[in-house]
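Accompanying notes for the structure given below.
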Amino acid sequence: MSKKLPKATVATLEEIRHHAMVEPPSAQPTSAPTSTNPAPATDMAIALRRSRAREVVERYTTYAAVGGLIPLPFLDSLSVMATIALMIQAVAAIYGM
């Protein structure tokens, strides 16, 4: 008997942007001290960055799959490795590294 996996959903970039636009920028009272926890804004930035990175990985995965279709043994490996190197560069740029 196989065990069913839990259903997981991930918000898309459009949903994250929509959520950021709908939520009021200052849900806290103005008289609150400035040392309040800015966790929701930080969480939103992390989710947006992760969503962008996921899009980059999906795009370059498709490129690598197409590059793997080249029937020449050395050339297809070279194209896939180059695509992966470009993907790493793009994801590192998103994370500021």
Straight-line distance of L78 CG to I70 CD1, nearest 0.5 Å:
9.0 Å
Please round to the nearest 0.5 Å and tell me the distance separating atom CD1 of I94 and atom CZ of R54.
11.5 Å
Note: R50 and Y95 closest approach over all heavy atoms is CA-OH, 3.7 Å
Is any side-chain heavy atom of V57 closer than 4.5 Å to a side-chain heavy atom of V91?
yes
Closest approach of S79 to G67 (non-hydrogen atoms, all atoms of both residues):
OG-O, 3.2 Å
Nearest heavy-atom pair of Y60 and T83: which atoms, and what distance?
O-CG2, 3.4 Å
Student check: side-chain heavy atoms of L48 and R52 closer than 4.5 Å:
yes
Taking all heavy atoms of A90 and all of V56, pick out the closest pair and write down the distance.
CB-CG1, 3.6 Å
Say you draw a straight line from CE of M81 to CG of D76; how long is it, rounded to the nearest 0.5 Å?
9.5 Å
Just by distance, do the side chain of S51 and the backbone of A47 share a donor-acceptor pair under 3.5 Å?
no
